[in-house]
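The block underneath contains the structure these notes are about, expressed in structure tokens.
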Amino acid sequence: MTRDLPRGSVACMSQVRTRFAPSPSGFLHLGGARTALFNYLFAKRHGGSFVLRIEDTDRERSSDEFVRAILDGLQWLGLTPDEGPFFQSKRQDVYDRRIAELLEAGAVYHCFCSAEALDAKRKQAQADGTKYLYDRTCRELGRRPDAGESAVLRFKMPLEGETVVRDLVRGDVTFNNAELDDLILVRSDGSPTFHLVVVIDDIEMGITHILRGEDHLTNTPRQVRIFEAFSVEPPAYGHLPLIVGQDRARLSKRHGATAVDAYREQGFLPSAVINYLARLGWSHGDQEIFTGQQLEQLFDVDSVGKSASAFDMEKFGWVNFEHMRALEDAELADAVVPYLAERGETEQPREYLAAAVAQLKERAKTLVELAESLHYFVSDELRFDAKAVGKFLDDDGRAHLQTLHDELAQVDPWTAEQVEATLRVVVEREGLKLGQLAQPARVALTGGTVSPGIFELCAVLGRERTLARLAAAAAGAAAA
RNA sequence: GGCCCCUUCGUCUAGUGGUUAGGACGUCGGCCUCUCACGCCGAAGACACGGGUUCGAGUCCCGUAGGGGUCACCA
């Protein structure tokens, strides 16, 4: 009805421009991050531009703190805008100009109804169980406010007919115009509202495609009409399914962390967050793991699903695991450094840390877990597990450790292979099973019963640490 | 409540009229093994329901149910 330009033929469009337009009234949460991601990917995929716009027209709720949090979050995720951030609070002159246009064209009218009166009508309708729509008492008044009189500007919505939203993910969605009421576009203090600034900025910034949450779907027919009032063809819209919690309710604080920053704290890699978010509502055959670069090449709006998807921490953890082990040891070592510092561990040579990380990376789902499991590699103050000590560092165990210590002291060069050969010799000679020697040694070296293979463990720890810990355990140091 | 959207294993999903309905996470069992992991092998597990259309429906149409979104001088 409103648009009959062919849409969807993305390739023909001269220049794709998408945008992410958060309002700084909260931190960057997963839903917002995914919206930003899809717009980013869509732009990259089509060689276009990704614009960042901060919608801070509501001065009451906006804060610099949230602006910074959103910017930080996007930066951490690597969703760098090609243009922006633009702040709507600094664009009043642009809006004033456009408001004048609307007035000129007779697309809006002054409304003198007080907020209190409207509120009362709304409550009344609610009490009667009927739908509330602004009753348009001022629509035909045709007068301007007198000096000192306050008024808002409302949009003249068509009274009949319908508006069709041609949605990239849902197809055509038809709305009855009688359901749309005359929106307030300019507040009595002269500031523009959401619907107006969105449309003006999307026009001014040349936005061609808008991917946003499904919660905006009912806003779209209204905005489409505003575009029409400006005689501008609206951009193509795609309404993304919402992310919900395990209980199918909208994702909220109840479902754990919401700000993306919380996932950084929990030890998730940004590439894993990107990967997981991309797969929530979008798919590419059977592929689960994607690099950012792959996503930029493969993302397409046709493969975006229609139904809400539930956030699943288990799978998210697995995705993070996959991304962690895809990293080079040295990269992973660098990534875990801040988490070690957080735990008060002392700094280690990068090479040593990389070797230790190589042993542990298939045993941790997050950087936090990795840092935790790194303890016995980076500290000599072992935390002994009493149960393990009791079980393996008994008289027999300690005696075996002393023997092992003495044999290991002869090993040269100090390699996993040499250590293994030595252990096997001792096992053979003493008539033990490997476990009878390896387990006490593991407790002596790590404080517990869980670790990488004993030979590799010794090799990475090095001769000095290994011998010292074995000697200490043999002497009964752990028992205390 | 009005309007709008959605509905394949517990979860993320593949599927575009003909498939033993595939994969992944998770779960369970086994193998590997010096512990824990990783890896490998295997198992259980889904088309919300009811009508059509069709030789044949997860796929198309209608309805029902369930879930969700939205109804501000917020965005």
Side-chain angles (χ1 to χ4, degrees), chain A residues 21-26 55-58 60-62 88 111 113-115 118-119 122 125-126 128-133 150-154 165 167 169-170 173-176 178-181 183-189 191-195 197-198 213-221 239 241-242 244 246 248-250 276 279-289 303 305-319 321 325 359-364 373 388 392 420 423 427 433-443 446 448-455 457:
Chain A
S23 80
S25 52
E55 308 221 326
D56 56 352
T57 53
D58 183 354
E60 300 271 299
R61 300 191 212 199
S62 302
Q88 291 185 324
C111 170
C113 299
S114 72
L118 293 173
D119 219 42
R122 193 176 300 119
Q126 202 168 24
D128 297 348
T130 60
K131 177 181 174 62
Y132 172 79
L133 267 183
S150 85
V152 300
L153 237 33
R154 284 186 184 270
V165 172
D167 192 285
V169 342
R170 277 153 226 282
V173 183
T174 306
F175 294 86
N176 201 322
E179 300 285 338
L180 314 174
D181 65 359
L183 300 168
I184 292 176
L185 258 30
V186 180
R187 301 185 185 97
S188 47
D189 68 358
S191 64
T193 60
F194 166 70
H195 288 285
V197 290
V198 165
E214 192 188 351
D215 51 341
H216 282 288
L217 185 52
T218 53
N219 287 330
T220 305
H239 291 90
L242 265 19
V244 298
Q246 300 88 321
R248 290 270 136 198
R250 199 174 186 160
Y276 181 70
R279 277 290 286 104
L280 221 42
W282 174 84
S283 63
H284 181 70
D286 284 341
Q287 190 172 347
E288 297 286 351
I289 301 300
S303 299
K306 292 181 171 67
S307 53
S309 25
F311 175 75
D312 180 7
M313 198 63 184
E314 294 290 342
K315 185 151 187 178
F316 189 19
W318 173 76
V319 171
F321 168 77
R325 64 178 196 160
Q359 297 299 317
L360 258 15
K361 66 176 175 180
E362 291 190 340
R363 295 171 166 82
S373 66
F392 295 109
E420 174 166 7
L423 257 86
V427 161
K433 290 196 168 184
L434 184 54
Q436 290 176 285
L437 184 58
Q439 283 299 79
R442 176 168 285 112
V443 177
T446 70
T449 56
V450 173
S451 88
I454 198 76
F455 320 128
L457 179 63

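The structure displayed is predicted, hence computed values, not measured ones. Letters go in sequence order (proteins before strands), and every chain restarts at 1.
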Practice task
Spell out yes or no: do the side chain of A:Glu288 and the base of B:rG23 have one donor N/O and one acceptor N/O closer than 3.5 Å?
Solution key: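 By the distance-only test, yes, there is a pair.
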
Handout entry: Check: A:Ser309 side chain, B:rC12 base, donor-acceptor under 3.5 Å
Key =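 Counting by modelled atom types and ignoring angles, no donor-acceptor contact under 3.5 Å is found here.
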
Exercise for the section: Go through B:rC12, B:rA75, B:rG69 for me and flag the one nearest to the A:Ser23 side chain. Expected result: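 So the nucleotide nearest the side chain must be B:rA75.
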
OP1, OP2 of [N] versus side-chain N and O of [X]: anything below 4.0 Å?
X	N	value
A:Arg363	B:rG39	no
A:Arg122	B:rA72	yes
A:Thr57	B:rA75	yes
A:Arg248	B:rG10	no
A:Arg187	B:rA75	yes

Handout entry: Counterpart residues, side-chain contact (heavy atoms from CB on, under 4.5 Å), relative to A:Asp312 (two or more places apart)
Key =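 Here the qualifying residues are A:Tyr276, A:Glu314, A:Lys315.
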
Practice task
Name all residues meeting the side-chain contact (heavy atoms from CB on, under 4.5 Å) criterion together with A:Pro440; count only those two or more places apart in sequence or in a different chain, and write none if there are none.
Solution key: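 A:Phe392, A:Leu393, A:Leu401.
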
Handout entry: Closest-nucleotide 5' rank along RNA chain B - winner of A:Leu280 and A:Ala364
Key =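 Residue closer to the 5' terminus by nearest nucleotide: A:Leu280.
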
Handout entry: Position toward the 5' end of RNA chain B (nearest nucleotide), A:Glu214 or A:Phe455
Key =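 Of the two residues, A:Glu214 wins.
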
Could you give the distance separating [M] and [N] at their [atom1] atoms, to the nearest angstrom?
N	M	atom1	value
B:rG26	B:rU11	C1'	8 Å
B:rG50	B:rG58	C1'	16 Å
B:rA43	B:rA24	P	12 Å

